[in-house]
Amino acid sequence: MIREKPEQFDKVHIPRELYAVNRYAVKAMVWLNGFAHIIIGLALAVAVLMFTWLFYVDVRDAASAHNLVHGFLHALGTLMLLWSISALITAEIRYLRGSQLEVEAFIEVAMIVVLRKLIVMPVEDGSLIPSDVALWVGAGLMLGIMYVLVRWSNKFGKTN
């Protein structure tokens with residue numbers, strides 16, 4: 001008597017003898033993926049603590065050096081890193097609650113990083129090179145366009 005293939009294997013072409021091995025391999029990978037997401041969540045929590053401390057150090061150094069503009073821009077850059085970590089935490093929470101990872105979250109993080117670079121660029125050591133500034137502005141513009149297109153396509157896809 002020939003048994004029918006289980007429904008879950010209809011799209012995967014593996015020998016029938018390997019069904020049990022495949023089932024255990026998938027269970028192991030799902031468990032390992034869950035463990036990886038726990039580690040990612042803990043790492044993001046540690047990053048929040050580290051960037052919060054770095055923000056405090058930036059503000060303290062700015063106050064003691066009596067250079068508030070320079071210190072403010074560095075502190076703002078640190079806050080923007082904290083914002084990107086927050087966006088990643090939000091994406092991770094959504095994923096752990098069963099939603100799919102959305103590309104928007106990663107585009108948002110990339111936009112934050114580009115914006116941070118543009119804000120911190122004037123106070124970094126060295127001189128501003130116009131072509132570098134133009135490249136960073138262009139990157140920010142392209143990411144902004146990509147973000148709008150992804151949001152638009154998601155909205156369009158949900159209405160149909």
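Sequential numbering from 1 along the given sequence is applied to the chain's residues. The shown structure was predicted, so the numbers you read here are calculated from the model rather than taken from an experiment. What you see below is based on every heavy atom in this structure, not just the backbone, and it leaves out hydrogens, waters and symmetry mates.
- A distance-only check finds no donor-acceptor pair linking the side chain of S86 to the backbone of L82 [under 3.5 Å].
- For A75, the side-chain contact (heavy atoms from CB on, under 4.5 Å) criterion is met by F55, D58, V59, not counting sequence neighbours.
- Scored by the ring pair (Phe, Tyr, Trp, His ring centres under 6.0 Å) test, Y147 finds no partners at all (sequence neighbours excluded).
- Shown here for G77 and V120, the closest heavy-atom pair between the two residues is CA-CG2, 3.9 Å.
- Tracing side-chain contacts under 4.5 Å through hydrophobic residues (I, L, V, M, F, W, Y), one reaches F106 starting from L44; they form part of the same cluster.
- Looking at residues two or more places apart in sequence or on another chain, you find a side-chain contact (heavy atoms from CB on, under 4.5 Å) between V133 and M121, L128, V137.
- Closest non-hydrogen pair, T52 versus V48, comes out as OG1-O, 2.7 Å.
- In this structure, the ring pair (Phe, Tyr, Trp, His ring centres under 6.0 Å) partners of W53, at least two apart in sequence or on a different chain, are Y56.
- H70 pairs by the side chain to side chain donor-acceptor pair (under 3.5 Å) definition with nothing, not counting sequence neighbours.
- To the nearest 0.5 Å, atoms CH2 (W136) and CD1 (I129) are separated by 13.0 Å.
- Residues I145 and L149 meet the side-chain proximity criterion, which asks for heavy atoms closer than 4.5 Å.
- Remark: N22 CG to M29 CE distance equals 7.0 Å, nearest 0.5 Å.
- The two atoms that bring A87 and V109 nearest to each other are CB-CG2, 4.0 Å, heavy atoms only.
- The closest side-chain heavy-atom distance from H37 to I40 is below 4.5 Å.
- The side-chain contact (heavy atoms from CB on, under 4.5 Å) check on I112 picks up M80, W83, S84, E108, with sequence neighbours excluded.
- Rounded to the nearest 0.5 angstrom, L18 CG and R23 CZ are separated by 12.0 Å.
- Taking OG1 of T78 as the reference point, atom CE of M50 lies at 11.5 Å (rounded to 0.5 Å).
- Here the CG atom belonging to L115 is positioned 8.0 Å from the CG atom belonging to L76, to the nearest 0.5 angstrom.
- To the nearest 0.5 Å, the span separating CE on M142 from CD1 on I107 amounts to 11.5 Å.
- The minimum heavy-atom distance between A62 and G71, with the atom names listed, is CB-CA, 3.3 Å.
- Within 6.0 Å of atom CZ in R151, 12 or fewer heavy atoms from other residues, nucleotides or ligands are found, so the atom counts as exposed in its surroundings.
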